[in-house]
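Down below is the structure, laid out as structure tokens.
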Amino acid sequence: MLSWSFFLLFLNKNILKKLENFFLFLFLFIAISCSRNKTKNFSQIQSQKYTQLNSKQKEIYLDSIESISRTLPNDSLSRRFLFDLSSEYYYLNLFQKSLKVSERVFYLSSEINDSLAMAKSLNYIGDCYEVTHKDSAYFYYQKSEKLYRLLGNKERIGRMLFNKAYLLFYEGNYQESEIQVFKALQFLKNIENDELLFTCYNLIASDFEKLEEYNDALKYYLLAQEVLNGLEKDENDFDIKNNYKVSLSVNIASVNEKQFQYTKAEKELESILTPDLKDKWPTDYATVIGNLGYVKTKLGHLKEGEILMKEALVLSRKSGIESSIVYKLHNLGKYYVNTKDTLQAIRYLKESLQIAEKFKSTDDVKVNLQLLSTIDIANTSYYDKRYITLSDSLTKVQRKNRNKYARIEYETAVVEDANKELSSKNLYLIFGVVVLVAALGVRYVVGQRKEIAYRKQLQAAELELFDLMRSSQVALNSAREEEQNRISRELHDNVMNKLYGTRLQLGMLNSPSIPDVEVKRLEQIDVLQTIEQDIRAISHDLHSDVVASHFDYPVLLAQCVQQHSATTQTNLHLDCAAGIDWEAVSGLVKITLYRMVQEALSNVVKYAAATDCHITISQPDASTLLLTVRDTGKGFDVATASFGIGLKNMRDRARLVKADFRIESVIGQGTTIECKFVI
């Protein structure tokens with residue numbers, strides 16, 4: 001009776017990967033909802049619809065998703081989605097497509113140095129190679145293990161060691177497989193992952209069974225059974241738990257049978273023949289009764305055993321799983337050998353041999369050849385020759401495989417050592433680069449400090465210049481006032497006195513005896529009175545108190561606008577709100593506003609070709625000043641234009657006083673500059 005170890009290992013391996021799978025369509029609703037334009041068709045698909053598709057329809061659907069997934073950004077949600085997509089391909093046995101997606105995830109993870117995703121993608125790549133290129137699978141599991149060791153993820157390290165052990169078991173290298181799985185258990189002893197622990201125990205027991213160390217095999221099968229008892233308390237995945245239970249009992253019974261303890265084997269198998277087994281799990285039922293029938297023949301219940309084995313064969317043929325038929329045919333062949341029905345024995349053994357060769361099951365081929373050589377006397381030499389050839393080739397293959405996997409380990413270590421040596425050689429270069437970068441950084445910091453100091457000096461110079469301009473205007477106003485007063489005194493004290501004396505003299509010389517002279521004198525007196533009144537009025541005007549004796553900031557702005565008006569055809573208009581308390585505005589804000597008006601007018605004169613330009617200074621609220629410069633010029637495209645020095649200076653000045661600076665311009669419709677100052 002053959003063991004179910006190989007089948008259980010393959011099954012558990014798929015289950016372990018499914019535990020990592022996040023359901024594909026639930027992910028689509030959540031993760032891709034932010035990209036509705038790219039993935040709007042996904043929201044029309046429900047998970048229930050997907051499960052109802054056949055394999056080909058699922059493949060077509062997954063291909064469409066894979067194509068659209070190339071437009072997604074490289075973020076954690078997109079990479080998780082690609083992992084799920086790779087898994088779906090894997091479950092459909094589309095290993096090449098799963099491989100391509102896994103390789104893409106590795107590339108994306110490498111771009112952002114996501115070590116955890118890199119290790120996981122290497123694991124997935126190894127899974128894709130597991131069926132066709134086991135040495136490549138081993139290589140990628142090895143690389144994944146190295147990354148997980150760097151990350152300190154013990155559970156994942158244990159999983160990779162198990163994967164390597166599984167490959168070694170499949171290649172017939174049972175001793176190395178045993179070593180690797182024991183290493184895995186070292187990392188899993190404090191990890192709460194009963195399914196992985198169960199699988200490891202089962203693999204160790206299978207290694208011992210193949211090495212014919214049946215007591216140790218039974219020991220670890222029983223340890224696996226203890227773990228399974230804990231798993232059965234969880235009601236989830238009941239089908240999987242039942243399969244675990246059935247396959248483990250079959251393995252235990254197999255060890256008992258090989259130790260000739262047929263009664264124990266019979267009891268073990270009958271313990272799992274529940275009423276639901278045949279209806280819910282016919283494949284498992286066929287396996288159990290097939291093994292039970294063989295055990296009963298060993299206990300002497302020949303007819304009962306034959307009926308059970310034939311029923312198992314019929315059920316297996318109906319299931320279409322040819323790999324499960326091999327050992328049932330072989331057991332029937334052995335039964336007919338024992339009952340001396342040579343023709344029946346040869347017929348069943350040849351069919352078993354044919355299927356075993358089809359699936360390249362070397363162990364099954366060997367046992368069938370060995371038994372046929374003893375009963376098919378006419379072809380004994382043929383079977384013996386094939387058996388010897390197969391045994392020799394198997395020995396060579398096993399030796400080659402041992403060397404192959406050892407070489408993979410060695411070559412990986414050599415590459416790592418070379419990388420370490422290269423890292424050591426590059427250490428000086430890296431140190432030099434670090435020193436250079438540090439020097440450049442220091443130079444940059446020093447330069448920044450110098451620039452800050454320069455800006456402070458520039459601000460101080462501008463404030464000093466502004467103070468000089470203000471003092472100059474005050475002095476000019478004082479000189480103007482003094483000159484006005486001087487002229488006033490001169491007119492009043494000198495001219496007026498002279499005119500007054502002349503008027504008196506003319507009055508005294510007036511005589512009624514000379515009519516013509518009298519008329520002329522009277523006319524001259526009237527003229528003198530008129531001159532007196534005019535001079536008096538001029539004197540009062542020149543001595544006006546409204547002449548400013550303080551700094552007038554709007555006047556300074558008006559002078560700036562007037563200076564630019566003399567150099568351009570553009571009509572410049574200044575509108576400064578009358579109610580602004582300029583004495584309360586800081587000197588830095590005033591000089592910044594003045595400079596920005598200068599820069600704006602300079603740009604209008606040079607580039608705008610405008611007919612009108614309005615400069616408006618308003619006070620929207622008590623703490624804000626708003627400067628607006630609006631022209632009717634040719635404008636420009638703000639999005640594509642490269643700003644000149646003038647506009648950059650305006651931005652910098654606004655930033656230094658923490659003002660809000662904004663430019664709006666439309667080609668052919670002019671430009672508007674706004675700067676909002678906080679006072």
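- Atom CZ of Phe187 sits about 4.5 Å away from atom CD1 of Ile157, to the nearest 0.5 Å.
- Other residues, nucleotides and ligands contribute at most 12 non-hydrogen atoms within 6.0 Å of the CD atom of Gln562.
- Of all non-hydrogen atoms in Tyr594 and Tyr553, the two that sit nearest each other are N-OH, 3.5 Å.
- Shown here for Asp637 and Ile667, the closest heavy-atom pair between the two residues is N-CG1, 3.9 Å.
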Given side-chain hydrogen bond (donor to acceptor under 3.5 Å, both in side chains), test Asp84 with Ser87 step by step and report yes or no.
CA-CA 5 Å; Asp84 298 335; Ser87 297; 5.3 Å; no

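- Side-chain contact, Glu111 with Tyr107: a donor N or O sits under 3.5 Å from an acceptor N or O.
- Between Phe139 and Leu122, every side-chain heavy-atom pair lies at or beyond the 4.5 Å cut-off.
- The heavy-atom pair separating Glu674 from Arg662 by the smallest distance is OE1-NH2, 2.5 Å.
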Could you give me the CA-CA distance, side-chain angles and deciding distance for Leu572 and Thr570, then say whether side chain to side chain contact (heavy atoms under 4.5 Å, CB included) is met?
CA-CA 6 Å; Leu572 304 180; Thr570 304; 3.9 Å; yes

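- The two residues Ser69 and Leu85 come nearest to each other via the heavy atoms OG-CD2, 4.5 Å.
- Between the side chain of Lys676 and the main chain of Thr624, no donor-acceptor pair closer than 3.5 Å is present.
- Although no hydrogens or angles enter the test, the distance criterion places no donor-acceptor pair under 3.5 Å between the side chain of Ser86 and the main chain of Leu99.
- Between the Ser78 side chain and the Pro73 main chain, a donor and an acceptor come within less than 3.5 Å of each other.
- No donor-acceptor distance shorter than 3.5 angstrom exists from the side chain of Ser98 to the backbone of Leu94, with no hydrogens or angles considered.
- Looking only at distances, no side-chain donor or acceptor of Thr672 sits under 3.5 Å from a matching main-chain atom of Glu664.
- Side chain of Ser144 to backbone of Ala119: a donor-acceptor contact under 3.5 angstrom is found.
- Of the candidates Tyr124, Tyr90, Phe106, Tyr124 is the only one forming a ring pair (Phe, Tyr, Trp, His ring centres under 6.0 Å) with Phe83.
- Here the straight-line distance linking atom CZ of Arg653 with atom CZ of Arg595 works out to 6.0 Å at 0.5 Å rounding.
- For the residue pair Ser102 and Ser121, no side-chain donor N or O sits within less than 3.5 Å of a side-chain acceptor on the partner.
- Between the NZ atom of Lys58 and the CD1 atom of Ile65 there is a distance of 12.0 Å, given to the nearest 0.5 Å.
- Using a 30° and 60° split on the angle between ring planes, His614 and His573 fall in the parallel class, below 30°.
- A distance of 6.0 Å separates CG in Leu574 from CD1 in Ile615, rounded to the nearest 0.5 Å.
- Inter-residue side-chain proximity for Leu627 and Val597 is flagged as met; some heavy-atom pair is nearer than 4.5 Å.
- Of the listed residues (Glu59, Glu66, Glu88), just one forms a side chain to side chain donor-acceptor pair (under 3.5 Å) with Lys97, and that residue is Glu59.
- For the pair Cys560 and His564, the tightest heavy-atom approach, listed with the atom from each and the gap, is O-ND1, 3.0 Å.
- Between Ile673 and Leu647 there is a side-chain heavy-atom pair separated by less than 4.5 Å.
- Atom CG in Asn153 sits 7.0 Å away from atom CG in Leu116 (nearest 0.5 Å).
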Any chance you could lay out the side chain to side chain contact (heavy atoms under 4.5 Å, CB included) test for Leu82 and Leu72, step after step, and finish with the verdict?
CA-CA 10 Å; Leu82 290 175; Leu72 297 177; over 6 Å; no

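- Side chain of Asn74 to main chain of Leu108: a donor-acceptor pair is present (N/O by atom type, distance under 3.5 Å, no hydrogens or angles).
- Looking at heavy atoms from C-beta onward, Lys154 lies out of side-chain contact with Asn190 at the 4.5 angstrom threshold.
- By the 4.5 Å heavy-atom criterion applied to side chains, Asn123 and Tyr141 are counted as neighbours.
- Residue pairs that meet the ring-ring contact (aromatic ring centres under 6.0 Å, His included) test with at least one member in residues 647-679, sequence neighbours left out, do not exist here.
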Show the atom names and distances, to 0.1 Å, of all donor-acceptor pairs under 3.5 Å that link a side chain in residues 599-610 to residues at least two apart or in another chain.
none

Full working for side chain to side chain contact (heavy atoms under 4.5 Å, CB included) between Phe636 and Val638:
CA-CA 6 Å; Phe636 60 94; Val638 178; 3.9 Å; yes

Please test Gln619 against Ile679 for side chain to side chain contact (heavy atoms under 4.5 Å, CB included), starting from the C-alpha separation and ending with a verdict.
CA-CA 10 Å; Gln619 189 172 16; Ile679 59 174; 3.6 Å; yes

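- Residues Ser115 and Leu147 share a closest heavy-atom pair of O-CD1, 4.2 Å.
- Atom CG of Asp660 is separated from atom SG of Cys675 by 7.5 Å, given to the nearest 0.5 angstrom.
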